[in-house]
Amino acid sequence: MTATSHYVVFVVEDDDDMREAIKTLLQMCGHQVCTYPNGVALLADLNRSHAGCIVMDVRMPEVDGLAFQRRLTEAAIALPVIMMSGYADVALSVKAMRQGAFMFLTKPFRDQDLLDAVSDAMDSERAAHPRRIEGLAARAAFDELSPREQQIMTEMTHGEPNKLIAARLELSEAMVKVIRARIMRKMRAASLPALTRLAERHGLC
């Protein structure tokens with residue numbers, strides 16, 4: 001199932017009854033839920049623009065919790081992950097926490113424990129998601145700049161004056177000004193300080 005709304009709880013559980021019970025509980029509390037029988041199916045659906053959190057059994061066929069988190073990292077997907085585990089899986093869940101899992105719940109857990117964990121994860125995601133989307137847009141815009149524009153953007157966000165940039169690149173100051181204006185427009189930055197902050201926040205140059 002593919003997510004369609006903004007914030008979604010992605011549930012990964014290979015036990016059909018457990019998966020349906022979690023889905024029903026979360027939907028009763030107003031969450032949009034997408035369910036998957038394994039991590040591979042979810043990874044095929046996810047991209048960096050998705051918002052929400054993931055609730056996943058740590059012991060899964062094909063891709064367990066640890067491998068799943070590694071793949072999320074490789075794909076640069078930063079959704080908070082709540083791991084569910086049986087008593088014997090606590091050590092594995094601790095490893096998952098060290099790799100960046102948001103929280104883990106030991107089965108059997110109370111419904112309220114899951115709801116609280118999802119609420120906390122969603123609060124964290126609502127704080128982080130806008131900046132993440134800003135970073136994706138900024139990176140895409142930066143990648144669309146020509147090599148010369150990227151070079152000049154790097155120099156201007158490091159405080160280099162037009163005269164020095166022009167001398168270094170063997171351009172006229174007038175041409176540097178034209179290119180700077182084009183960069184500001186493409187990056188959708190209202191001012192040089194705003195562009196500099198954007199570059200610093202997202203490691204553009």
Side-chain angles (χ1 to χ4, degrees), residues 1-15 18-87 89-140 201-203:
M1 183 185 300
T2 302
T4 56
S5 74
H6 195 44
Y7 289 94
V8 178
V9 184
F10 301 92
V11 177
V12 186
E13 169 62 69
D14 59 339
D15 183 289
M18 183 68 165
R19 186 170 66 247
E20 189 61 29
I22 292 173
K23 176 183 178 181
T24 300
L25 173 66
L26 293 172
Q27 287 180 331
M28 286 176 59
C29 292
H31 295 288
Q32 177 165 341
V33 182
C34 290
T35 61
Y36 300 83
N38 56 66
V40 173
L42 174 54
L43 287 166
D45 262 4
L46 278 182
N47 62 58
R48 288 179 291 172
S49 67
H50 278 128
C53 70
I54 299 168
V55 177
M56 180 180 188
D57 194 313
V58 73
R59 292 283 183 186
M60 294 293 297
E62 299 182 66
V63 178
D64 67 15
L66 297 179
F68 180 83
Q69 283 185 288
R70 286 194 294 271
R71 294 198 187 182
L72 282 184
T73 300
E74 290 167 359
I77 296 172
L79 298 182
V81 180
I82 299 166
M83 291 290 182
M84 303 179 294
S85 69
Y87 176 77
D89 294 326
V90 170
L92 181 58
S93 294
V94 170
K95 290 181 180 178
M97 291 284 286
R98 288 173 179 166
Q99 284 189 189
F102 184 81
M103 188 179 299
F104 77 86
L105 300 173
T106 303
K107 296 177 181 178
F109 48 78
R110 299 179 306 139
D111 288 353
Q112 192 60 49
D113 293 335
L114 176 60
L115 293 175
D116 288 346
V118 168
S119 178
D120 289 346
M122 284 297 203
D123 286 345
S124 174
E125 172 66 359
R126 288 188 182 97
H129 184 70
R131 180 165 177 165
R132 191 163 68 241
I133 293 302
E134 177 192 70
L136 291 174
R139 171 55 63 181
R201 275 199 303 270
H202 304 294

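- Legend: residues meeting side-chain contact (heavy atoms from CB on, under 4.5 Å) with I77, ordered by chain and number and at least two apart, are L46, R48, L72, A75, L79.
- Every residue two or more places apart in sequence or in another chain that forms a side-chain contact (heavy atoms from CB on, under 4.5 Å) with R110 is listed here: Q112, D113.
- Here M83 contributes atom CE and L66 contributes atom CG; the two are 7.0 Å apart, rounded to the nearest 0.5 Å.
- A donor-acceptor distance shorter than 3.5 angstrom exists from the side chain of T24 to the backbone of E20, with no hydrogens or angles considered.
- With V33 as reference, L26 is the one residue of L26, V55, V8 to meet the side chain to side chain contact (heavy atoms under 4.5 Å, CB included) rule.
- Separation of atoms CD (E13) and CE (M60) is listed at 6.0 Å; rounding is to 0.5 Å.
- The heavy-atom pair separating S85 from F104 by the smallest distance is OG-CD1, 4.0 Å.
- The pair K107-D57 counts as a salt bridge, with a side-chain nitrogen and a carboxylate oxygen less than 4.0 angstrom apart.
- The two residues R19 and Y36 have their closest heavy-atom pair at CD-O, 3.5 Å.
- The salt bridge (Lys or Arg N to Asp or Glu O under 4.0 Å) analysis of residues 60-82, with sequence neighbours excluded, yields no pairs.
- The two residues V12 and G39 make their nearest non-hydrogen contact at CG1-N, 3.5 Å.
- Within the model, atoms CE of M56 and CD of Q69 stand 8.5 Å from one another, a figure rounded to the nearest 0.5 Å.
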Problem set entry | Step-by-step side chain to side chain contact (heavy atoms under 4.5 Å, CB included) determination, Q99 to T73 | CA-CA 10 Å; Q99 284 189 189; T73 300; over 6 Å; no
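- Atom CE of residue M28 and atom CG of residue L115 lie 9.5 Å apart, to the nearest 0.5 angstrom.
- By the side-chain contact (heavy atoms from CB on, under 4.5 Å) test, D120 pairs with F102, M103, sequence neighbours left out.
- The backbone N or O of A41 sits less than 3.5 Å from a side-chain atom of N38, completing a donor-acceptor pair.
- Evaluation of the ring-ring contact (aromatic ring centres under 6.0 Å, His included) rule for H129 yields H6, Y7 as partners, not counting sequence neighbours.
- Heavy atoms only, all atoms of each residue included: H202 and A138 are closest at CD2-CB, 4.4 Å.
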For this session: Take F10 and D45 through the test side chain to side chain contact (heavy atoms under 4.5 Å, CB included) and record every step on the way to the result.
Result: CA-CA 10 Å; F10 301 92; D45 262 4; 6.0 Å; no
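- Of all the heavy atoms in A121 and I82, the pair that sits closest is CB-CD1, 4.0 Å.
- Counting only residues at least two apart or on different chains, the salt bridge (Lys or Arg N to Asp or Glu O under 4.0 Å) pairs with a member in residues 124-135 are D123-R126, E125-R132, E134-R201.
- A search for side-chain contact (heavy atoms from CB on, under 4.5 Å) contacts involving S49 returns N47, I133, not counting sequence neighbours.
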